[in-house]
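Quick note: numbers below take in every heavy atom, side chains included, and nothing from hydrogens, waters or symmetry partners.
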Amino acid sequence: MLRRFLLPLGVLALVLLGGCQEAAEEPTELTEAQRQDLQNRVEERWQARIAHDWGKAWEYSSPAYREVFPKHLYVKKFSYTADWELTGIEITHYDRSAAVASVVVGVMSRPTKQTSAAAKALGAMPRELHERWILVDGEWWFSANY
């Protein structure tokens, strides 16, 4: 009698443990296609910034951000005091549970108006900018809030 009860219970436990094992083995890395899509989106956004096309750069902001901050307000927060050159993009981390990727963007930054001797002497300065990108419905979006 006890055996009839324990056997199905044991089988059920094995099935449940097997399911947990499969969930634990889910890959935590981006697929090559996701990685390439993310890299393309980061580069496209930066090309818009380099061109000082703030309206185009806004279009890469997350849907939630764009709901709260309309394009005309976003565009007004930028100035034209710096020029950039994109030097690299590195995807450093991906959190699958949050659908958030950490990206380091390398840029050379230089003032548009070299009004001081110091600005002229320094010239272009390398910078690393840390960005967060979120995956929403299969599309990558820049996250301004992190």
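In this structure, the separation between NZ on Lys76 and NE2 on His72 is 6.5 Å, given to the nearest 0.5 Å. To the nearest 0.5 angstrom, Asp37 atom CG is 10.0 Å from Glu32 atom CD. The line from CG of Leu135 to OH of Tyr94 is 5.0 Å long, rounded to the nearest 0.5 Å. Once rounded to the nearest 0.5 Å, the distance linking OG of Ser61 with OH of Tyr74 reads 4.5 Å. The structure places CD of Glu139 at 10.5 Å from CG of Leu38, a figure rounded to the nearest 0.5 Å. Atom CG of Asp83 sits about 4.5 Å away from atom NE2 of His52, to the nearest 0.5 Å.
Panel note: side chain Arg66, backbone Lys71; no donor-acceptor pair is recorded below 3.5 Å. Judged purely by atom type and a 3.5 angstrom limit, Trp140 uses its side chain to pair as donor or acceptor with the backbone of Gln34. Checking side-chain atoms of Thr87 against main-chain N and O of Gly106 turns up a donor-acceptor pair under 3.5 Å. For Thr92 (side chain) and Ser102 (main-chain N/O), a donor-acceptor pair under 3.5 Å exists by modelled atom type.
Under the 4.5 Å side-chain heavy-atom criterion for grouping Ile, Leu, Val, Met, Phe, Trp and Tyr, Tyr60 is connected to Ile91 within one hydrophobic cluster. Hydrophobic clustering of Ile, Leu, Val, Met, Phe, Trp and Tyr side chains at less than 4.5 Å, counting indirect connections, unites Val68 with Tyr65. Residues Val100 and Val105 fall into different hydrophobic clusters, defined by Ile, Leu, Val, Met, Phe, Trp and Tyr side chains chained together at heavy-atom separations under 4.5 Å. In the hydrophobic cluster analysis, where Ile, Leu, Val, Met, Phe, Trp and Tyr join through side-chain heavy atoms closer than 4.5 angstrom, Val103 is grouped together with Leu129. Hydrophobic clustering (ILVMFWY, side-chain heavy atoms < 4.5 Å, transitive): Phe78 and Trp46 are in one cluster.
Contact record, Arg49 with Trp84: O-CZ3, 3.4 Å, taken as the closest heavy-atom pair. Contact detail for Gly55 and Val75: the closest heavy-atom pair is N-CG2, 3.7 Å. Heavy-atom minimum distance, Met108 versus Ala124: CE-CB, 3.7 Å. Annotation for Ser109 and Ala82: closest pair OG-CB, 4.2 Å, computed over non-hydrogen atoms. Nearest heavy atom pair, residue Ile89 against residue Gln39, reads CD1-O, 3.9 Å. For Pro70 against Trp58, the heavy-atom pair with the smallest separation is C-NE1, 3.8 Å.
Taking the centre and axis of the six-membered ring of Phe142, the NZ or CZ atom of Arg45 falls inside the cone set by 45° and 6.0 Å. Taking the ring axis of Trp133 as reference, the NZ or CZ atom of Arg41 does not stay both within 45° of it and closer than 6.0 Å to the ring centre.
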Q.
Does Arg35 form a side chain to side chain contact (heavy atoms under 4.5 Å, CB included) with Glu29? I'd like the steps, not just the answer.
A. CA-CA 9 Å; Arg35 182 174 289 279; Glu29 295 296 315; 4.1 Å; yes
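The pair Lys56-Glu44 does not meet the salt-bridge criterion, since no charged nitrogen lies less than 4.0 angstrom from a carboxylate oxygen.
With side-chain heavy atoms closer than 4.5 Å counting as contact, directly or through intermediates, Val104 stands alone and belongs to no larger hydrophobic cluster.
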